[in-house]
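Have a look at the structure below before the remarks.
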Amino acid sequence: MAVGPGYPAASAGRGQMRAADADRDRAVSFLTTAYTEGRLGKDEYDARLETALSARTYADLDQVVTDLPGARIPPARQVVATTNGLAVASLACGLAQFVFGPLPTIPAIVLGHVARHQIKRSGEHGAGMALAGLLLGWAAVVFGILMIAGLAVFAVAHTGHAFTVNPGAPPAAPGPP
């Protein structure tokens with residue numbers, strides 16, 4: 001079994017490379033599978049298990065599993081996909097606007113832009129959260145602008161001054177200063 005990628009016992013000294021705990025764990029998992037399938041007896045499993053746990057090199061691990069079918073399986077790659085923290089913060093700020101008003105709007109926008117840049121560069125998860133935080137932030141900005149414009153129109157319309165336009169009337173004389 002090539003417990004590590006491309007490290008069979010016979011290849012140019014690579015079998016003499018030291019095995020890691022993860023490599024020994026993969027060999028133990030392979031032996032356990034072979035035992036549960038009935039390929040190994042209890043005594044043989046125990047002996048191979050002890051050898052695998054005390055193995056120092058890939059060659060030692062290969063000797064333990066080489067005669068079992070499927071022994072040249074590729075190693076399990078441990079890929080941990082993380083979620084970008086700034087994307088989470090952006091979404092949290094975007095949602096917090098409903099509780100705290102416009103205070104978290106700017107952080108939602110800034111954190112969303114920074115998170116999207118980091119996600120493109122690092123491949124982390126959270127692009128949807130960053131986008132949602134951005135959209136909520138910008139929606140609050142647009143809503144705020146519309147509210148201010150609406151209030152301005154309302155104030156001008158209800159100031160008590162009547163603006164009448166009568167095209168046929170002569171212009172009014174200026175009043176006293």
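We number each residue from 1, following the sequence as shown.
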| query | When rounded to the nearest 0.5 angstrom, what is the spacing between CE in Met129 and CG in Leu134? | reply | 13.0 Å
| query | Nearest heavy-atom pair of Asp21 and Arg24: which atoms, and what distance? | reply | OD1-NH2, 2.8 Å
| query | When rounded to the nearest 0.5 angstrom, what distance separates CG in Leu61 from CZ in Phe30? | reply | 12.0 Å
| query | Applying the 4.5 Å side-chain criterion to the ILVMFWY set and letting contacts propagate, would Leu91 and Leu135 be lumped into a single cluster? | reply | no
| remark: To the nearest 0.5 Å, atom CZ of Arg39 lies from atom OH of Tyr35 at 15.0 Å
| request: For His125 and Asn84, run side chain to side chain contact (heavy atoms under 4.5 Å, CB included): C-alpha distance rounded to whole Å, both residues' side-chain angles, the deciding distance at 0.1 Å, then the answer. | output: CA-CA 6 Å; His125 291 281; Asn84 187 289; over 6 Å; no
| field | Minimum-distance pair of heavy atoms, taken over all atoms of Val65 and Ala27 | value | CG1-O, 4.3 Å
| Whether Ser29 side chain and Asp25 backbone form a donor-acceptor pair below 3.5 Å | no
| said: For the CD atom of Gln63 and the OH atom of Tyr58, what is their distance to the nearest 0.5 Å? | reply: 15.5 Å
Side-chain donor-acceptor distances from residues 103-114 under 3.5 Å, at least two apart:
unit_1 : atom_1 : unit_2 : atom_2 : d
Thr105 : OG1    : Gln97  : OE1    : 2.6
Thr105 : OG1    : Pro102 : O      : 3.0

| request: Spell out, as yes or no, whether a donor-acceptor pair under 3.5 Å connects the side chain of Asp23 to the backbone of Ala19. | output: no
| task | Please round to the nearest 0.5 Å and tell me the distance separating atom OG of Ser54 and atom CG of Asp60. | result | 7.5 Å
| said: Before you tell me yes or no, could you show the steps for Thr57 and Met17 under side chain to side chain contact (heavy atoms under 4.5 Å, CB included), namely the whole-Å CA-CA distance, both residues' side-chain angles and the distance that decides it to 0.1 Å? | reply: CA-CA 5 Å; Thr57 64; Met17 290 182 74; over 6 Å; no
| message | Are Val88 and Leu95 connected into the same hydrophobic cluster when the rule is that any two of I, L, V, M, F, W, Y join if their side-chain heavy atoms are below 4.5 Å apart? | response | yes
| query | Can you check salt bridge (charged side-chain N to carboxylate O under 4.0 Å, His left out) on Arg48 and Asp67, steps first, answer last? | reply | CA-CA 12 Å; Arg48 288 184 184 211; Asp67 62 335; 2.6 Å; yes
| task | Quick one: pull up CD in Glu124 and CG in Leu86 and give me the separation to the nearest 0.5 Å. | result | 8.5 Å
| message | Grouping I, L, V, M, F, W and Y whenever their side-chain heavy atoms are under 4.5 Å apart, do Val141 and Met147 come out in a common cluster? | response | no
